[in-house]
There are 2 protein chains.
Amino acid sequence: MSPLKPDLHAILDLDRIVHEPARLAILTVLAAAESVEFLFLQRITGLSKGNLSSHTQKLEAAGFLETLKAFRGRIPVTSFQITEDGRAALHAYHKQLRALLPKEGQP
Amino acid sequence: MSPLKPDLHAILDLDRIVHEPARLAILTVLAAAESVEFLFLQRITGLSKGNLSSHTQKLEAAGFLETLKAFRGRIPVTSFQITEDGRAALHAYHKQLRALLPKEGQP
DNA sequence: TGAAACAAGTTTGTAATACAAACTAGTTTT
DNA sequence: AAAACTAGTTTGTATTACAAACTTGTTTCA
């Protein structure tokens, strides 16, 4: 069988929740920290508040992160934590990408 | 500066034309052959005709492939060829992905 | 011969999406 | 107490991915 075919299906089967750049960026940050605050996330990603809010909601609906609402003094602070499922999904996504990326300098 | 930030922008700057899985699959096939016929492409990707047609149109509009219409006997046959721009975009995309993928087995 | 089935794509309609503007609810400043 | 600020969410919109239905032509069959 052609060596191309499996790669093609790997491409078409990529997890779309993770594949979206904004969400991949969010998960990447969350994977590197215990927990991350909304405003910090907004600043380093450059996403608008509305857009960030909807992506985190989508990631939460997928079970890939948890939202923690707290107060600092009297100001509300929303933080996010990646879940085990989220970490697994991110690793699986990385693995899929590695599998379909040609080696550097390959035709 | 945090080592995370550049990666984040690499993620958010991914070329959306190439990033879409269906189109990435198409470009991947085209990059491996002189030219590829519509129906062959449809069969190995599993995309519907309509979907394949609109993705190839989008890739053509981006200048990433060329559409060649011919006849085999009296039956029309549409073939596609990746352009230099398309190949460059695909390679750039691969490079960006490599840059942002953590090494295997890294936290 | 002409009707029905088939081939190769394209156009059209639709549901889902990404995104930012506008809004909400509360707090601090003036 | 009014104005300005903070932290997010909801709403509206333009784009998109996708498949169903259509178009144009060819072959088969009655």
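Lettering of chains follows the sequences in order, A, B, ..., and the numbering in each one begins at 1.
Looking at A:Arg23, its side chain never comes within 3.5 Å of a backbone N or O of A:His55 through a donor-acceptor pair. Between the side chain of B:Ser53 and the backbone N or O of B:Lys49 there is no donor-acceptor pair closer than 3.5 Å. B:Arg98 places no side-chain N or O within donor-acceptor distance of the main-chain N or O of A:Leu101, the cut-off being under 3.5 Å.
Non-hydrogen atoms lying under 4.0 Å from DNA chain D are contributed by B:Glu20, all within residues 12-20 of chain B. Contacts between residues 45-59 of chain B and DNA chain D, defined by a heavy-atom separation below 4.0 Å, involve B:Ser48, B:Gly50, B:Asn51, B:Ser54, B:His55, B:Lys58, listed by number.
The side chain to side chain donor-acceptor pair (under 3.5 Å) search around A:Thr83 returns none, not counting sequence neighbours. Not counting sequence neighbours, B:Arg74 has no partner by the salt bridge (Lys or Arg N to Asp or Glu O under 4.0 Å) test. Annotation: salt bridge (Lys or Arg N to Asp or Glu O under 4.0 Å) contacts of A:Glu60 (sequence neighbours excluded): none.
A straight line from CG of A:Leu39 to P of D:dC5 spans 16 Å, rounded to a whole angstrom. Atom-to-atom, CD of A:Glu37 to C1' of D:dT6 comes out at 13 Å; the value is rounded to the nearest Å. Spacing between atom CG of B:Leu68 and atom C1' of C:dG9 amounts to 15 Å, rounded to whole angstrom units. Atoms CZ (B:Phe71) and C1' (D:dT26) sit 11 Å apart, rounded to a whole Å.
In terms of position on DNA chain C, the residue among A:Ala22 and A:Ile75 whose nearest nucleotide sits closer to the 5' end is A:Ala22.
Note on A:Lys69: a side-chain N or O is less than 4.0 Å away from OP1 or OP2 of D:dT9. In terms of phosphate contacts, B:Thr78 brings no side-chain nitrogen or oxygen within less than 4.0 Å of OP1 or OP2 of C:dA8. Of the side-chain N and O atoms in A:Arg72, none sit less than 4.0 angstrom from OP1 or OP2 of D:dA7. For B:Arg74, no side-chain nitrogen or oxygen approaches OP1 or OP2 of C:dA7 to under 4.0 Å.
Between A:Arg16 and B:Glu20, at least one side-chain N (NZ, or NE/NH1/NH2) sits under 4.0 Å from a carboxylate O, which counts as a salt bridge.
Taking the six-membered ring for Trp and thresholds of 30 and 60 degrees, A:Phe80 and A:Phe38 have ring planes inclined between 30 and 60 degrees apart.
Residues A:Thr28 and B:Asp7 have side chains not in contact (no heavy-atom distance under 4.5 Å, counting atoms from C-beta outward). For the pair A:Gln81 and A:Leu65, the minimum side-chain heavy-atom distance is 4.5 Å or more. Between B:Leu59 and B:Leu27 there is a side-chain heavy-atom pair separated by less than 4.5 Å.
End-to-end axis angle of the helix from C:dT1-D:dA30 to C:dT30-D:dA1, from C1' rotation axes over five pairs per end: 30° (rounded to 10 degrees).
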